[in-house]
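Structure, as structure tokens:
Just so you know, these numbers use all the heavy atoms, side chains as well, and skip hydrogens, waters and symmetry mates.
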Amino acid sequence: MFSVNDQMYMARALQLAEQGLFTTDPNPRVGCVLVRDGVVVGEGWHRKAGQPHAEVEALRQAADQAYGSTAYVTLEPCSHQGRTPPCTEALINAGITKVVMAATDPNPLVNGKGAQALKAAGIEVLAGLMEDEAKALNVGFIKRMSSGLPWVRVKLAASLDGRTALANGVSKWISSAESRADVQRWRARSSAILTGVGSVLADNPQLSVRDTEIELLGRQPLRVICDSQLRMPHTAHLLHSDGVLIYTRAKSKSMGKAEVVQVAADDEDRVDLLAMLKDLAQRGCNEVLVEAGATLSGRLFQLGLVDELLLYVAPVLLGQDARPLLRLPMIEHMNERVTLKLFECQPIGADLRLRYQLQR
């Protein structure tokens, strides 16, 4: 159904979409290429929520040459009035004759309606070209729109023998400087960074993006602390930053600049992690990066709330008394094991970066 040229133009649209990796939140990352008579006449990508969508940027660049062209877009064009007008309307008015889209938009306001509006206007619509690549670029948006939960990515750094810190808690630095720089990019693409109060008490982190190039883009993710009994010390760096949420079971009280959110309890009177994630999704969080210790990370795995494990493995051995990767309940039967699927393996400095998806 799709030609080599179709694939080339969609690959370019995906490259454009990726330029919004750190800035489009809570919107999806979308790219668009307009082609007329075998020549690219316009390109665009969605830069930031509230700004023009990819299709509109491409149409502006193409101007009169957009008439009679084919639009290659990585996500189904929107058909509703949001912060910006419908993209379907712009494509129809510009005289586009064909739209090739990678993936349908799971947003209930759009899902199928965009394609239907284009077809009703006599525009040929084809879907599914490089769909997997387009979905991978927007895993969080797709999951939030389809399930009401964000994509949960747990980041851990471990030794070859699966240890994350010495017995005394010292963990600086297991991974290489290159791995730590790589983490900054994962932070920057995330809607929120989640940690537990234990990590705050031990390390007093800031959890901010500290890559100068990315900082210039002007967006920091939400910083989120899971703190069932509200043990956050008033000296914590996070309490003096904007964009900080504390989820707790304790009676809400003022905690510096942070917003304190009281949520439901689980069976052990701790923060209900599912309720917390639902609230984050309602706040527009697509991807949540978990940078926590073995306890909170283990609870998320135990509850089946993890979508992806981002693991940096360093070429060191820390011994049997060092702290484990995750704290999980004892497993007595093999059918109770947590199963992961490796989908990426890449050297980062002296380390290996492994990416796994949780197998449901």
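A 6.0 Å sphere centred on CD of Gln320 holds no more than 12 heavy atoms belonging to other residues, nucleotides or ligands. More than 12 heavy atoms of other shown residues, nucleotides or ligands fall within 6.0 angstrom of atom CD in Glu259. For Tyr67, the OH atom counts as loosely surrounded, since its 6.0 Å shell holds 12 or fewer non-hydrogen atoms of other residues, nucleotides or ligands. For Arg327, the CZ atom is loosely surrounded, since the number of other residues' heavy atoms within 6.0 Å does not exceed 12. Surrounding CG of Asp37 are at most 12 heavy atoms belonging to other residues, nucleotides or ligands under 6.0 Å away.
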task: Let me see the working for Asp6 and Ser3 under side chain to side chain donor-acceptor pair (under 3.5 Å), right down to the final yes or no.
output: CA-CA 5 Å; Asp6 288 332; Ser3 69; 3.3 Å; yes
field: Derivation of the side chain to side chain donor-acceptor pair (under 3.5 Å) call for Asn286 and Arg144
entry: CA-CA 6 Å; Asn286 292 327; Arg144 178 168 69 89; 2.6 Å; yes
message: Set out, in order, the CA-CA distance, both residues' side-chain angles and the distance that settles side chain to side chain donor-acceptor pair (under 3.5 Å) for Asp351 and Ser175, then state yes or no.
response: CA-CA 7 Å; Asp351 306 331; Ser175 59; 4.7 Å; no
- request: Could you walk me through whether Lys257 and Val244 pass side chain to side chain contact (heavy atoms under 4.5 Å, CB included), step by step?
  value: CA-CA 7 Å; Lys257 289 186 174 182; Val244 175; over 6 Å; no
message: side chain to side chain contact (heavy atoms under 4.5 Å, CB included), that's the test. Do Leu194 and Leu207 meet it? Break it down for me.
response: CA-CA 9 Å; Leu194 169 65; Leu207 297 182; over 6 Å; no
- request: Evaluate side chain to side chain donor-acceptor pair (under 3.5 Å) for Gln346 paired with Arg353, printing each intermediate quantity in order.
  value: CA-CA 5 Å; Gln346 181 175 336; Arg353 186 183 74 193; 3.0 Å; yes
task: Verify side chain to side chain contact (heavy atoms under 4.5 Å, CB included) between Asp307 and Lys143, making sure each step is shown before the conclusion.
output: CA-CA 10 Å; Asp307 297 291; Lys143 188 183 177 193; 2.7 Å; yes
message: Test salt bridge (Lys or Arg N to Asp or Glu O under 4.0 Å) on Asp269 and Arg249; report intermediate values, then the result.
response: CA-CA 7 Å; Asp269 200 33; Arg249 284 292 304 125; 3.5 Å; yes
field: side chain to side chain contact (heavy atoms under 4.5 Å, CB included) assessment of Gln184 paired with Arg187
entry: CA-CA 5 Å; Gln184 295 301 312; Arg187 284 185 175 186; 3.9 Å; yes
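Inter-residue side-chain proximity for Val41 and Val35 is flagged as unmet; no heavy-atom pair is nearer than 4.5 Å. With contacts defined as side-chain heavy-atom distances shorter than 4.5 Å, the pair Leu91/Leu59 qualifies. In this structure, Leu358 and Leu309 have side chains that are not in contact, with every pair of non-hydrogen atoms separated by 4.5 Å or more. You'll find the side chain of Val260 reaches within 4.5 Å of the side chain of Thr248, heavy atoms only. No side-chain heavy atom of Glu131 sits under 4.5 Å from any side-chain heavy atom of Met101. In this structure, Glu287 and Pro150 have side chains that are not in contact, with every pair of non-hydrogen atoms separated by 4.5 Å or more. Counting only heavy atoms from C-beta outward, the side chains of Tyr312 and Leu352 never approach each other to under 4.5 Å. For the pair Thr195/Val224, no side-chain contact is recorded, criterion being any heavy-atom separation below 4.5 Å from C-beta on.
Heavy atoms only, all atoms of each residue included: Leu354 and Cys345 are closest at CD2-SG, 3.5 Å. The heavy-atom pair separating Gln61 from Gly42 by the smallest distance is OE1-CA, 3.4 Å.
Remark: side-chain polar atoms of Asn93 are paired, donor with acceptor, to backbone N or O of Glu89 under 3.5 angstrom. Looking at Gln220, its side chain does come within 3.5 Å of a backbone N or O of Val209 through a donor-acceptor pair. Not one N or O on the side chain of Asp203 forms a donor-acceptor pair closer than 3.5 Å with the backbone of Pro205. Side chain of Glu308 to backbone of Tyr356: no donor-acceptor contact under 3.5 angstrom is found.
Using the six-membered ring where Trp is involved, Tyr9 and Tyr72 have ring planes that are tilted, between 30° and 60° apart.
Annotation: side-chain contact (heavy atoms from CB on, under 4.5 Å) contacts of Lys113 (sequence neighbours excluded): Ser79.
Counted by atom type alone, Tyr247 and Asp272 present zero donor-acceptor pairs between their side chains at under 3.5 Å.
Contact check on Arg299 versus Asp266 returns a salt bridge, with a Lys/Arg side-chain nitrogen under 4.0 Å from an Asp/Glu carboxylate oxygen. Ion pair Arg29/Glu18 not flagged as a salt bridge, since none of the NZ, NE, NH1 or NH2 atoms sits closer than 4.0 Å to an Asp/Glu carboxylate oxygen.
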